[in-house]
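All figures in this text were calculated on a predicted structure; none of them were measured in a lab. Convention: sequence-line order gives letters A, B, ...; per-chain numbering from 1.
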Number of protein chains: 2
Amino acid sequence: MLSAGGPVTALRHHDRVVEAGEDLVRPGDPVDESFTCLSGWLFTYYLLEDGRRQILGFTLPGEVISLIGETGPAPFGLQAMTQVRVCAASNAALGRWLRGRCEESQRLMLNVSQHATLAYGLVTSLGRRTARERVAYLLLELHMRLGTASDGNVRSMPLTQSIIADALGLTAVHVNRTLAQLREVGVVSYVNRRLHIVDGQRLWQEAGAERDPLLTRLRNDTAASAAKQKLI
Amino acid sequence: MLSAGGPVTALRHHDRVVEAGEDLVRPGDPVDESFTCLSGWLFTYYLLEDGRRQILGFTLPGEVISLIGETGPAPFGLQAMTQVRVCAASNAALGRWLRGRCEESQRLMLNVSQHATLAYGLVTSLGRRTARERVAYLLLELHMRLGTASDGNVRSMPLTQSIIADALGLTAVHVNRTLAQLREVGVVSYVNRRLHIVDGQRLWQEAGAERDPLLTRLRNDTAASAAKQKLI
DNA sequence: CGCACGCTTGATCTATATCAACTTCCGTGG
DNA sequence: CCACGGAAGTTGATATAGATCAAGCGTGCG
């Protein structure tokens, strides 16, 4: 879905390792590269002048961060949540490389447009969902982006409660209480960076996502790519 | 900025007129076209199952709605706020046309990526800004997208208070009070669908946008395109 | 004329923030 | 191995931004 696997890796001029908590891109840095995340998790964040922070999205292993549309100073930062290995390609080279390859261009556009779609989902969460719905929705989304393929219901992720808070426009304290609620009613538990989906169906309900076109599509996409995996 | 002016108009197979309050695309419709807005305003919206509505963005005259990344049922709707004239191009034809034209492909990608950027701005507003900051920010953003070019400080727009509310994750009532506040302190007034910027500098402050990279860029872009206009 | 929609204003409620204290976990240095 | 310190998580008490409910006003339109 968010992985294109193509041009950025083809052009990789160097890989880079970033330690947990460090920035791959600092807000304001000149943007001149795009990345593929080889391993580890990143988030994209926006910083208000007074220090309030909003997380704009997460990048999981295999996903592509296409910054080729950006110019000048980065309006946001990219921070590693774990140790991260990325491969980088300069946007200039990428642009040149794409010049002859319309196919690839369009593929990359697809990637950008999927990021936009995820952003729209987040807008909707922040604007119109309750804390509980937001948390449920995020956990569900990440669960699916990690690939439904293997061991079903348990999954470990590097999110802290205060990262969740900054992604969902909430307070760490409130995220804590919300997670506690969801655990107590037996829907999901997220303890020790370990996500355990207790009742999948109820989780979809809690997220208000049963008919949510965004998540539904994500489900189909991952189902499809899981099927593809099987064929190999 | 959000206007590409290129492929969609080049390929227009038909124009269409939509009356105020009608949908150009209904949520769930199959998406098979992209549009350029020739006149009038639209908004993109997401509908939760229980009727809550979140507006994801606005489309102003001259701007392009590229849906070429979308397939299957539309996850969102597109509604006309005024009578709207758009020109439409089928995504299939658009894809074919783009095949030989990498330049144009990239231009379109730029457009998509700018929409994503606006979405990130909205995420930040909804997640981490107060009602007052949100309203100020939105008014400022729209003011600039309308083109700073001509008559400075007054501008008429078709936003109702409840549309503003649905865009900013607030209640119409609260938007009303917030607008009243901003008016009383002499920063902006938005009365009768008429935006009057009383104190531009304070408005940037209220929006918390003085160093906001997103809006700053928008300012530069429109300044640049205004300069270009002059040259013609 | 009357009705619907948009706006305004007041009273009250509530989801979430804020403040504060305490615990548990984990890595580091002695 | 233990002692320490800092980050993450937990829990309670209280505060507040913004929601909800309700009523009334204007105005354009069928």
| Between C1' of dT14(C) and NE2 of H174(B), the distance in whole Å | 14 Å

| message | Please pick, from dT16(C), dT10(D), dG6(C), the nucleotide with the shortest atom-to-atom distance to any side-chain atom of T160(B). | response | dG6(C)

| message | Without decimals, in angstroms, what is the distance between D166(A) CG and dA17(C) P? | response | 11 Å

| request: Would you mind classifying the nucleic acid contact of R193(B) as base, sugar-phosphate or nothing, using non-hydrogen atoms under 4.0 angstrom? | output: sugar-phosphate

| note | Checking dA13(D), dT16(C), dG10(C) against the side chain of T130(A) (C-beta onward), the nearest is dT16(C)

| field | Closest nucleotide among dT16(C), dG12(D), dA19(D) to the R177(A) side chain | value | dG12(D)

| field | Test applied, side chain to side chain contact (heavy atoms under 4.5 Å, CB included); reference residue, L140(B); option that passes from V188(B), L195(B), L203(B) | value | L203(B)

| said: Mind checking if T171(A) touches a base, just sugar-phosphate, or nothing, with heavy atoms under 4.0 Å? | reply: base

| remark: N192(A) CG to dA8(D) P, in whole Å, measures 13 Å

| 5' priority, DNA chain D, between R128(A) and L159(A) [closest heavy atom] | L159(A)

| Across the strands shown, which category fits G21(A) at heavy-atom distances under 4.0 angstrom: base, sugar-phosphate, nothing? | nothing

| Taking the six-membered ring of W204(B) as reference, does the NZ or CZ atom of R219(B) fall below 6.0 Å from its centre and within a 45° cone about the axis? | yes

| Given atom CD1 of I163(B) and atom C1' of dC5(C), what is their separation to the nearest angstrom? | 12 Å

| message | Starting the side chain at C-beta, find the nucleotide from dG9(D), dT20(D), dT18(C) nearest to V173(B). | response | dT20(D)

| Given atom CZ of R129(A) and atom C1' of dA15(C), what is their separation to the nearest angstrom? | 17 Å

| query | Of the nucleotides dT18(C), dG9(D), dC7(C), which one has an atom closest to the side chain of Q161(B)? | reply | dC7(C)

| How about Q114(A) and T117(A): does a side-chain donor come under 3.5 Å of a side-chain acceptor? | no

| task | Using only heavy-atom distances, determine whether the side chains of R16(A) and H14(A) contain a donor-acceptor pair under 3.5 Å. | result | yes

| field | d(CG, L182(B); P, dC7(C)) in whole Å | value | 16 Å

| query | For dT8(C), does OP1 or OP2 lie under 4.0 Å from any side-chain N or O of N176(B)? | reply | yes

| query | Taking CG from L126(A) and P from dA17(C), how many angstroms apart are they, rounded to a whole number? | reply | 11 Å

| said: Let's see if you can work this out: which of dA17(C), dA8(D), dG18(D) has an atom nearest to the side-chain heavy atoms of L170(A)? | reply: dA17(C)

| Can you name the nearest heavy-atom pair linking R129(B) to G121(B), along with the distance? | NH2-O, 3.9 Å

| field | Separation of dA15(C) P from R134(A) CZ (nearest whole Å) | value | 13 Å

